[in-house]
Colleague: 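Let me begin by handing over the structure; questions about it come next.
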There are 4 protein chains.
Amino acid sequence: MNSHPLFEKPIRIRFSHCDPAGIVFYPQYLIMLNGVLEDWFTEGLGIAYDDLLGVRRVGTPTLRLECDFKAVSRMGDIVSLGLSVERMGQSSLTLNYVCQCHNKVRFLAHQVLVFTDLNTHRSMPIPNDVRAAIAALLPTG
Amino acid sequence: MNSHPLFEKPIRIRFSHCDPAGIVFYPQYLIMLNGVLEDWFTEGLGIAYDDLLGVRRVGTPTLRLECDFKAVSRMGDIVSLGLSVERMGQSSLTLNYVCQCHNKVRFLAHQVLVFTDLNTHRSMPIPNDVRAAIAALLPTG
Amino acid sequence: MNSHPLFEKPIRIRFSHCDPAGIVFYPQYLIMLNGVLEDWFTEGLGIAYDDLLGVRRVGTPTLRLECDFKAVSRMGDIVSLGLSVERMGQSSLTLNYVCQCHNKVRFLAHQVLVFTDLNTHRSMPIPNDVRAAIAALLPTG
Amino acid sequence: MNSHPLFEKPIRIRFSHCDPAGIVFYPQYLIMLNGVLEDWFTEGLGIAYDDLLGVRRVGTPTLRLECDFKAVSRMGDIVSLGLSVERMGQSSLTLNYVCQCHNKVRFLAHQVLVFTDLNTHRSMPIPNDVRAAIAALLPTG
């Protein structure tokens, strides 16, 4: 997670992300995280996420999530949320996320997701085009 | 996490919890989880959570969260979300959650939260009344 | 809207409903409102809303919504959110909602929803069992 | 609402905005609408919304909201959400919103909001800098 993320997005912290303590309510971070995952598919991999789900009926539910919240974010902050691939398995993908603002880490996340057939909610091999697009981004060797 | 939870709530899975795949969108589970934490303070410990935050200005942000999602939940399901105390530190509290439906686990979560002064967002010792109320629920020895 | 609501639910205002101003963020009221609509179908009409949507593929999207926010709600408040039927048309249903706490109105809402076939998102006649269940609750004459 | 909006933002419809029917869950539209209001203050009026709320303790709660939902939005759509000022009163502001995609209206909204002192939740005159910034954008005469 020290290296530069593979894909990154700026996110403005909004009123709707914040709680009565005036800081981001952590489930909102996970909604942002899911947005970055979608954008990575669509913009980074060139595989429209809405098409993957809606037309091809392939889902990417989360199996495991670990988060470390390091510093609070406040309304008006513009954070950067970046994603890196740790490992691509047969059906699963392990991703690391780092959310930063002014080069200070706000939170780190580690996510294992699995590709599923949305008609059965059973796991399935990562589709070939998705696998190829991810493989092309990973260091070889 | 095998033992019976210390505090438990039934939750009906609603339309608003579910995603286009027709199952709970996982950040919604964490909003539910936060609701059970609030209810535990208010109903289980006898310490009104809204008073703790709003009047006493004591926050309970999450430092670390680990979740394992074991099975999908669908609209209409009535799940049970239970909480147990793993450890009470000087300023921090480690909690385990189990979400079940018909005795099958839907997800497990492990949360470390810290008590903070909401005026400074710095950690503070667990308030005495909170500590005493939690200690009274824990097995002695 | 002066008469007693046809169906009513108590709702505890939670941390997750509130904004940095410490009061309910109004879109959260509309999520609650949708929850009461679901509960009315399931508990009041005896027509499981999850079954209506998920199995029968009948949706109830909102065509028009009017809300008047009269007083703020704070974390810890237990409000009552009630629903009444104003009019049942061929495909549409006009509902009034009143949200109160200690007999003071927090907000009023007026909603026109339409029954749709979720495969086409086109309007359809109100299903017979839904129509009969609603008609049975309305004053005759 | 026929004229070009005063301020406009593109919004990508995400997984998290959509419901089990595969279309935007309408409270999510209102969260987007609030985001456009914030951005208009910060980017359009040059008055940082987070500063207005967090530092100056001026809130802008909604008094009245009317929405007409004209057509469904699906995951992957990029809609445009625009805002226009209908009227500026002593303490209140009346705004119209139009959400479009490919020149077709998805929803229209009409909002009356009021400026409040967040310490008391009472209405207050629109602050002078806000009033001047809005007045500068309105047609004279």
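Every heavy atom of this structure was used, including side-chain atoms; hydrogens, water molecules and symmetry mates were not. So that the names make sense, note that chain A is the first sequence line, chain B the second, and so on, each numbered from 1.
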Colleague: Measuring only between side-chain heavy atoms, which start at C-beta, is C/Phe115 closer than 4.5 Å to C/Pro127?
Modeller: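 A side-chain contact under 4.5 Å exists here.
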Colleague: Do B/Leu108 and B/Cys99 pass the side-chain contact (heavy atoms from CB on, under 4.5 Å) test, and can you show the C-alpha distance, the side-chain angles, and the key distance before you say yes or no?
Modeller: CA-CA 6 Å; B/Leu108 299 172; B/Cys99 176; over 6 Å; no
Colleague: Check the pair C/Val58 / C/Val130 against side-chain contact (heavy atoms from CB on, under 4.5 Å), numbers first and verdict last.
Modeller: CA-CA 11 Å; C/Val58 175; C/Val130 176; over 6 Å; no
Colleague: Apply side-chain contact (heavy atoms from CB on, under 4.5 Å) to B/Ile134 and B/Leu138, showing your working.
Modeller: CA-CA 7 Å; B/Ile134 295 173; B/Leu138 299 181; 4.2 Å; yes
Colleague: As a quick check of understanding, evaluate side-chain contact (heavy atoms from CB on, under 4.5 Å) for B/Val24 and B/Val72, giving each step before the final call.
Modeller: CA-CA 7 Å; B/Val24 172; B/Val72 301; over 6 Å; no
Colleague: Are there donor-acceptor pairs under 3.5 Å across chain C and chain B? List atom names and distances.
Modeller:
residue : atom : partner : partner atom : Å
C/Arg12 : NH2  : B/Glu43 : OE2          : 3.3
C/Arg14 : NH1  : B/Gly35 : O            : 3.1
C/Arg14 : NH1  : B/Asp39 : OD1          : 3.0
C/Arg14 : NH2  : B/Asp39 : OD1          : 3.1
C/Arg14 : NH2  : B/Asp39 : OD2          : 2.7
C/Phe15 : N    : B/Glu38 : OE1          : 3.2
C/Phe15 : N    : B/Glu38 : OE2          : 3.3
C/Gly35 : O    : B/Arg14 : NH1          : 3.1
C/Glu38 : OE1  : B/Phe15 : N            : 3.2
C/Glu38 : OE2  : B/Phe15 : N            : 3.3
C/Asp39 : OD1  : B/Arg14 : NH1          : 3.0
C/Asp39 : OD1  : B/Arg14 : NH2          : 3.0
C/Asp39 : OD2  : B/Arg14 : NH2          : 2.7
C/Glu43 : OE2  : B/Arg12 : NH2          : 3.3

Colleague: Tell me, please, which residues at least two apart from C/Ala132 pass side-chain contact (heavy atoms from CB on, under 4.5 Å).
Modeller: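 So C/Ala132 forms no side-chain contact (heavy atoms from CB on, under 4.5 Å) with any residue.
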